A.B. asks: 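Mind looking over this structure? Questions follow.
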Amino acid sequence: MEKLQFLYKLNLIPSLLEEANWTKKEEAIVQNHFEVLQGLLQEGKLILAGRTLNMDPSGMGIVILEVDSEEEARELMENDPAVKEGIMEAQLFPYRVALIRKE
């Protein structure tokens with residue numbers, strides 16, 4: 001079965017756009033979010049993850065997955081600790097990598 005690709009876009013909730021509002025709880029959630037993404041990379045399900053460097057409403061993160069189904073992609077997105085814990089909002093999009101640099 002051919003793998004499918006999906007992108008999910010992440011946005012911080014508005015109250016966390018101000019760094020002064022971050023607590024150890026939010027920092028721990030983001031650390032867990034990063035660890036989960038590292039696990040997906042090791043499993044071969046993550047193509048890319050990253051974020052813009054601006055902390056304003058236009059800032060965002062993206063996660064590009066390669067999985068068996070949209071249901072699997074949605075489940076991974078909804079179980080992302082940052083989404084599940086409510087510090088980031090996420091939107092899922094069907095996606096296809098057209099070009100990628102080979103190292």
Side-chain angles (χ1 to χ4, degrees):
M1 180 168 154
E2 183 180 335
K3 297 283 185 179
L4 303 172
Q5 295 175 349
F6 294 88
L7 177 149
Y8 68 90
K9 177 181 152 197
L10 294 163
N11 292 95
L12 281 171
I13 59 172
S15 64
L16 294 179
L17 294 173
E18 184 78 35
E19 282 191 62
N21 294 334
W22 283 70
T23 67
K24 290 193 183 299
K25 178 183 177 186
E26 286 84 19
E27 290 172 9
I29 292 168
V30 170
Q31 179 63 38
N32 191 15
H33 156 78
F34 187 74
E35 290 167 358
V36 167
L37 293 176
Q38 286 178 314
L40 292 173
L41 182 64
Q42 291 174 349
E43 292 174 31
K45 294 181 180 186
L46 177 71
I47 295 173
L48 175 145
R51 68 178 184 94
T52 59
L53 299 179
N54 49 328
M55 291 287 286
D56 62 39
S58 68
M60 67 176 173
I62 63 167
V63 174
I64 301 176
L65 302 170
E66 189 166 63
V67 293
D68 292 326
S69 66
E70 182 174 351
E71 293 76 24
E72 182 180 6
R74 186 168 303 284
E75 184 177 322
L76 291 170
M77 177 187 75
E78 290 173 353
N79 285 305
D80 181 314
V83 175
K84 197 169 188 173
E85 295 291 331
I87 67 166
M88 293 184 191
E89 298 169 339
Q91 291 179 278
L92 185 68
F93 301 92
Y95 191 78
R96 181 172 296 126
V97 173
L99 298 170
I100 191 165
R101 182 178 71 195
K102 303 288 185 196
E103 305 247 358

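Throughout, residue positions are numbered sequentially from 1 according to the sequence presented. No experiment lies behind these values; they were computed from the predicted model shown.
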A.B. asks: Could you check whether any side-chain heavy atom of Asp80 comes within less than 4.5 Å of a side-chain heavy atom of Val36, counting everything from C-beta outward?
C.D. replies: no
A.B. asks: Restricting to non-hydrogen atoms, name the atom on Ser15 and the atom on Asn21 that form the minimum distance, rounded to 0.1 Å.
C.D. replies: O-ND2, 2.6 Å
A.B. asks: Can you list every pair that meets salt bridge (charged side-chain N to carboxylate O under 4.0 Å, His left out) and has a residue in residues 38-55, with sequence neighbours left out?
C.D. replies: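 Passing the test, one end in residues 38-55: Glu43-Lys45, Lys45-Glu72.
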A.B. asks: Work out which heavy atom in Ile29 is nearest to a heavy atom in Ala82; give both atom names and the distance.
C.D. replies: CG2-CA, 3.8 Å
A.B. asks: Shortest non-hydrogen contact from Phe6 to Pro94?
C.D. replies: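 Nearest pair, atom of Phe6 first, then Pro94: CD2-CA, 3.7 Å.
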A.B. asks: Could you tell me whether Glu75 atom CD has more than 12 heavy atoms of other residues or ligands within 6.0 Å of it?
C.D. replies: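 Atom CD in Glu75 is not crowded, with 12 or fewer foreign heavy atoms closer than 6.0 Å.
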A.B. asks: Can Ile47 be reached from Leu37 by stepping across I, L, V, M, F, W or Y side chains whose heavy atoms are under 4.5 Å apart?
C.D. replies: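 No, because Leu37 and Ile47 fall into different hydrophobic clusters, even though each may have its own neighbours under 4.5 Å.
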A.B. asks: Do the side chain of Asn11 and the main chain of Gly59 share a donor and acceptor less than 3.5 angstrom apart?
C.D. replies: yes
A.B. asks: Side chains of Val97 and Gln5: does their closest heavy-atom pair fall under 4.5 Å?
C.D. replies: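 A side-chain contact under 4.5 Å exists here.
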A.B. asks: Indicate, with yes or no, if Leu17 and Val30 share a hydrophobic cluster defined by side-chain heavy-atom contacts under 4.5 Å among Ile, Leu, Val, Met, Phe, Trp and Tyr.
C.D. replies: yes
A.B. asks: State yes or no: do Met88 and Leu92 share one hydrophobic cluster built from I, L, V, M, F, W and Y residues joined by side-chain heavy-atom distances below 4.5 Å, directly or via other members?
C.D. replies: yes
A.B. asks: Show your working on side-chain hydrogen bond (donor to acceptor under 3.5 Å, both in side chains) between Gln31 and Glu27 and close with a plain yes or no.
C.D. replies: CA-CA 6 Å; Gln31 179 63 38; Glu27 290 172 9; over 6 Å; no
A.B. asks: Nearest 0.5 Å, please: how far is CD1 in Ile13 from CD in Glu85?
C.D. replies: 11.0 Å
A.B. asks: Does any non-hydrogen side-chain atom of Met1 lie less than 4.5 Å from one of Asp68?
C.D. replies: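 A side-chain contact exists here, since the closest heavy-atom pair is under 4.5 Å.
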A.B. asks: Hydrophobic clustering (ILVMFWY, side-chain heavy atoms < 4.5 Å, transitive) - are Phe34 and Leu40 grouped together?
C.D. replies: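 Each belongs to a different hydrophobic cluster.
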A.B. asks: Which value, rounded to the nearest 0.5 Å, describes the distance between Trp22 atom CH2 and Leu12 atom CG?
C.D. replies: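 Answer rounded to 0.5 Å: 5.0 Å.
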A.B. asks: For a quick test of reading the model, state the closest non-hydrogen atom pair linking Lys9 to Phe93 and the distance between them.
C.D. replies: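 Reported closest heavy-atom pair: CB-CE1, 4.1 Å.
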A.B. asks: Just checking Glu35: does its CD atom have more than 12 heavy atoms from other residues, nucleotides or ligands closer to it than 6.0 angstrom?
C.D. replies: yes
A.B. asks: Within the 4.5 Å heavy-atom criterion, are Leu46 and Leu65 side-chain neighbours or not?
C.D. replies: yes
A.B. asks: Can you measure from NE2 (His33) to NZ (Lys84) and round to the nearest 0.5 angstrom?
C.D. replies: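 Answer for the NE2-NZ pair, His33 versus Lys84, is 15.0 Å.
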A.B. asks: Quick check: is Val83 connected to Leu76 through a chain of hydrophobic side chains (ILVMFWY, heavy atoms under 4.5 Å apart)?
C.D. replies: yes
A.B. asks: Starting at CD of Glu2, measure out to CD of Glu66 and round the result to the nearest 0.5 Å.
C.D. replies: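 Nearest 0.5 Å value for the CD-CD distance: 8.5 Å.
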